[in-house]
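Contents: one structure, followed by commentary.
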2 protein chains.
Amino acid sequence: MSDFEVEVRITPRPGLLDPQGNAVANALRSLDFPGIGEVSVGRLVRLRLRAQSADAAREQTDRMCRKLLANPVIEDFDILVRPDRPDRPDRPVGS
Amino acid sequence: MSDFEVEVRITPRPGLLDPQGNAVANALRSLDFPGIGEVSVGRLVRLRLRAQSADAAREQTDRMCRKLLANPVIEDFDILVRPDRPDRPDRPVGS
């Protein structure tokens with residue numbers, strides 16, 4: 001078993017209503033920020049996971065997304081798996 | 001003026017309480033997902049922005065974060081600016 005650092009990006013599906021994104025866009029415009037176009041607000045879930053392999057970690061995270069973390073009807077998600085480096089938390093592999 | 005696609009990753013500062021992350025970790029464990037370590041939940045804000053340059057877009061987004069998008073006392077944020085490619089929404093430059 002190895003430790004992995006998993007990052008899940010959950011974003012509203014394009015073309016669907018994004019009330020939170022619209023609210024943020026309107027708030028930014030009302031604060032006089034110029035040039036604001038479309039805004040979307042999603043979630044960034046990071047977790048440490050012990051699994052047999054990177055593939056197993058990814059497969060398990062995919063099930064977590066479908067069961068709890070995301071709503072696949074209205075959200076897209078993508079999963080990034082890296083080896084965990086607890087001794088260098090600020091410089092994960094691949095970043 | 002050019003169009004930019006800006007991505008802001010807002011994450012709980014390490015070492016501070018993250019009640020949402022803890023709730024997600026407990027929920028995953030109660031759903032019998034094994035090997036769950038620390039979980040953190042942040043936000044992913046994406047916006048289209050018209051600005052003079054990539055540096056100007058970054059500087060303006062930094063001000064948006066401090067004023068509205070993030071809470072710098074308890075959250076870290078980082079900003080990624082890319083040229084906007086409306087004709088290729090699925091393949092942003094640099095990804």
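All chains are named by letter (A, B, ...) in the order of the sequence lines, taking the proteins before the strands, and each is independently numbered beginning at 1.
- Atom CG of residue A/Asp32 and atom NZ of residue B/Lys67 lie 8.0 Å apart, to the nearest 0.5 angstrom.
- For A/Leu68, the part sitting under 4.5 Å from any heavy atom of chain B is the side chain, from C-beta outward, and nothing else.
- Between A/Leu44 and B/Val41, every side-chain heavy-atom pair lies at or beyond the 4.5 Å cut-off.
- Under the 4.5 Å side-chain criterion, counting only non-hydrogen atoms from C-beta, A/Arg46 is not in contact with B/Val39.
- Pairing each heavy atom of A/Phe33 with each of B/Arg63, the nearest pair is CE2-NH1, 3.7 Å.
- Neither the backbone nor the side chain of A/Gln52 comes within less than 4.5 Å of any heavy atom of chain B.
- A 4.5 Å side-chain heavy-atom check between A/Pro34 and B/Arg50 finds every atom pair outside the cut-off.
- Looking at B/Ile36, both its backbone and its side chain come within 4.5 Å of chain A, counting heavy atoms on both sides.
- Connection of A/Leu80 to A/Leu47 is not established within any shared hydrophobic cluster, with ILVMFWY side chains joined at heavy-atom distances below 4.5 Å, either directly or through further cluster members.
- Cluster membership check: B/Ile10 does not share its hydrophobic cluster with A/Val45, using side-chain heavy-atom separations under 4.5 Å among Ile, Leu, Val, Met, Phe, Trp and Tyr.
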>> Go through it in stages, so that I can follow the logic: the residues are B/Glu38 and A/Glu5, the test is side chain to side chain contact (heavy atoms under 4.5 Å, CB included), and I'd like the CA-CA distance, side-chain angles, deciding distance and then a yes or no.
In response: CA-CA 10 Å; B/Glu38 200 180 336; A/Glu5 191 177 296; over 6 Å; no

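- Using a 4.5 Å cut-off between side-chain heavy atoms of Ile, Leu, Val, Met, Phe, Trp and Tyr, with links allowed through other members, B/Phe77 and A/Leu31 fall into the same hydrophobic cluster.
- In this structure, B/Val73 is a member of the same hydrophobic cluster as B/Leu16, with clusters built from ILVMFWY side-chain heavy atoms closer than 4.5 Å.
- With chain A as the partner, the residue from B/Gly21, B/Ala25, B/Ser40 showing the most heavy-atom pairs under 4.5 Å is B/Ser40.
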